[in-house]
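Everything below concerns the one structure shown next.
Keep in mind it's a predicted model, so treat the numbers as computed, not measured. Just so you know, these numbers use all the heavy atoms, side chains as well, and skip hydrogens, waters and symmetry mates.
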Amino acid sequence: FQVRGEVSAANADGIYFRGSAGYGWVLNGENQDSDYAGDNRTLEFSRAINGIDGSRVVDFKGGLGVEFSFGAQKKHRFAPLVGYSYHTQQMNMTDGNQVVPDLGPFPGLNSSYDAVWSGAWVGADFLLDLEGKGLVTLHLERHWPKYTAKANWNLRDDFAHPVSFEHEANGRGWVMELGWRNRPAHNNWVWGASMTLQRWTTSSGIDRTFLVIPAPPCNGNCYAETRLNEANWSSRSINVTLSKAFNP
């Protein structure tokens, strides 16, 4: 479940801005934590299916561009944009249940994996005025984020805490949002609906694990680096919107 606020505006010179902020609560789902003896997720020797109580997501985004009008009476608008976005997924792992090997529930699991996708994007906004039938909006975005993540595996005594391992990689993503709303009259509030699709992925990066080794040369913490194959994120959402237009 997510709540999001968005503002878009253009001045008399056609400078166009769109920004948004959102906060989401994870209400249902599960986490799978697997270990493999082979490369590319082969020879799985451990799998736990866990709860995700307390997980949440936070999103910020802003873009700036120039607005152009077109069509009959120039009622339709188009704005190319450049911007910056920040998205974080704070995922908790609770209620442990070991299924490979089949050992069943285990107590004390309270691990976390916090991922951040942040970076520049380019895109375009289309606003199509259907006169008495409302306004159709289309947002298209192409992103080039930096992916970073930090994890705390609380039940692993051989891992350091509160940061057990971290991930770094360069990514790419795309976002499409299609919406419709009634055309406001006299600055009234109007209802609408929108659908958002997004898909993000990374190239190979770095997996850096912090180990507790009480012997030279570590005498405490050491770290080991290996390849992070990739990280993936995709989502689909249907939103009910409430909008208000302010006309000069």
Side-chain angles (χ1 to χ4, degrees), residues 22 24 26 29-50 52 54-63 82-94 100 109-123 140-176 196-213 217-218 220-237:
V26 178
E30 65 182 23
N31 155 258
Q32 177 177 328
D33 178 20
S34 292
D35 294 319
Y36 304 89
D39 288 340
N40 298 312
R41 297 182 179 182
T42 59
L43 304 178
E44 182 185 26
F45 64 89
S46 176
R47 184 194 309 162
I49 303 297
N50 315 306
I52 53 172
S55 299
R56 57 193 184 275
V57 295
V58 180
D59 303 283
F60 296 98
K61 180 163 52 181
V82 296
Y84 180 85
S85 70
Y86 176 92
H87 310 271
T88 180
Q89 297 136 4
Q90 300 167 359
M91 312 303 288
N92 296 331
M93 286 155 249
T94 61
V100 177
L109 181 63
N110 187 25
S111 294
S112 63
Y113 186 87
D114 297 339
V116 173
W117 306 73
S118 61
W121 60 274
V122 299
L140 300 174
E141 300 169 6
R142 179 65 169 173
H143 292 251
W144 291 272
K146 176 74 174 179
Y147 178 79
T148 58
K150 292 185 178 181
N152 182 14
W153 256 221
N154 74 302
L155 296 182
R156 290 288 298 266
D157 294 335
D158 54 334
F159 286 175
H161 305 287
V163 179
S164 301
F165 60 88
E166 60 185 18
H167 292 156
E168 298 177 4
N170 293 319
R172 58 194 180 277
W174 62 265
V175 180
M176 182 189 75
T196 304
L197 303 175
Q198 55 184 332
R199 184 176 297 274
W200 306 66
T201 189
T202 72
S203 56
S204 60
I206 297 173
D207 179 319
R208 186 178 296 112
T209 302
F210 298 95
L211 304 169
V212 177
I213 304 177
C218 292
N221 292 339
C222 277
Y223 70 87
E225 288 188 356
T226 186
R227 169 176 164 157
L228 171 68
N229 284 347
E230 63 181 4
N232 297 292
W233 165 33
S234 63
S235 74
R236 301 174 298 277
S237 65

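Under a 3.5 Å cut-off, the side chain of T88 and the backbone N or O of A115 do form a donor-acceptor pair. Side-chain atoms of N92 come within 3.5 Å of backbone N or O of G54 as a donor-acceptor pair. Between the side chain of S203 and the main chain of N170, a donor-acceptor pair closer than 3.5 Å is present. Between the S164 side chain and the F159 main chain, no donor and acceptor come within less than 3.5 Å of each other. Under the 3.5 Å distance criterion, the side-chain polar atoms of N50 are left unmatched by any main-chain donor or acceptor of M93.
Applying the side chain to side chain donor-acceptor pair (under 3.5 Å) criterion to T202, with sequence neighbours excluded, gives no partner residue. Partners of Y147 under the ring-ring contact (aromatic ring centres under 6.0 Å, His included) rule, at least two apart in sequence or in another chain, are W117. For W121, the ring-ring contact (aromatic ring centres under 6.0 Å, His included) test picks out H143, with sequence neighbours left out. Partners of Y113 under the ring-ring contact (aromatic ring centres under 6.0 Å, His included) rule, at least two apart in sequence or in another chain, are H167.
Rounding to the nearest 0.5 Å places CD1 of I52 at 8.5 Å from OG1 of T94. Here the OG1 atom belonging to T226 is positioned 12.5 Å from the CZ atom belonging to F165, to the nearest 0.5 angstrom. Here the straight-line distance linking atom CH2 of W200 with atom OG of S235 works out to 9.5 Å at 0.5 Å rounding. To the nearest 0.5 Å, atom CE of residue M176 and atom CD of residue E141 are 11.5 Å apart. With rounding to the nearest 0.5 angstrom, the OG atom of S111 is 8.5 Å from the CG atom of N31. If you take CZ on R236 and CD on Q198, they are separated by 11.0 Å, rounding to the nearest 0.5 Å.
Counting heavy atoms of neighbouring residues, nucleotides and ligands inside a 6.0 Å radius, atom NZ of K146 exceeds 12 of them. Within 6.0 Å of CZ in F45 there are more than 12 heavy atoms belonging to other residues, nucleotides or ligands. Within a 6.0 Å sphere centred on CG of D157, other residues, nucleotides and ligands contribute 12 heavy atoms or fewer.
If you check the side chains of Q32 and S34, you find a donor sitting under 3.5 Å from an acceptor. Side-chain contact, N229 with N40: a donor N or O sits under 3.5 Å from an acceptor N or O.
With a 4.5 Å cut-off on side-chain heavy atoms, L155 and L109 count as touching. In this structure, the side chains of P145 and Y86 stay at 4.5 Å or more apart for every pair of heavy atoms.
Of all non-hydrogen atoms in D114 and Q90, the two that sit nearest each other are OD1-CA, 3.3 Å. Here the closest non-hydrogen pair linking C222 and I213 is CB-CD1, 4.4 Å. Of all heavy-atom pairs spanning W153 and S112, the tightest one is CZ3-O, 3.4 Å. Smallest separation of non-hydrogen atoms from L43 and G38: CB-N, 3.8 Å. Taking each heavy atom of H161 and N154 in turn, the nearest pair found is CE1-CA, 3.7 Å. A224 and L211 make their closest contact through CB-CD1, 4.3 Å (heavy atoms, listed as atom of the first residue, atom of the second, distance).
Sorted by first then second residue, the salt bridge (charged side-chain N to carboxylate O under 4.0 Å, His left out) pairs that include residues 199-209, not counting sequence neighbours, are E166-R208, E168-R208, R208-E225. For the salt bridge (charged side-chain N to carboxylate O under 4.0 Å, His left out) condition, the pairs that include at least one residue of residues 35-45, sequence neighbours left out, are E44-R47.
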message = Quick one, N152 with V163, criterion side-chain contact (heavy atoms from CB on, under 4.5 Å). Give me CA distance, side-chain angles, the key distance, then yes/no.
response = CA-CA 5 Å; N152 182 14; V163 179; over 6 Å; no
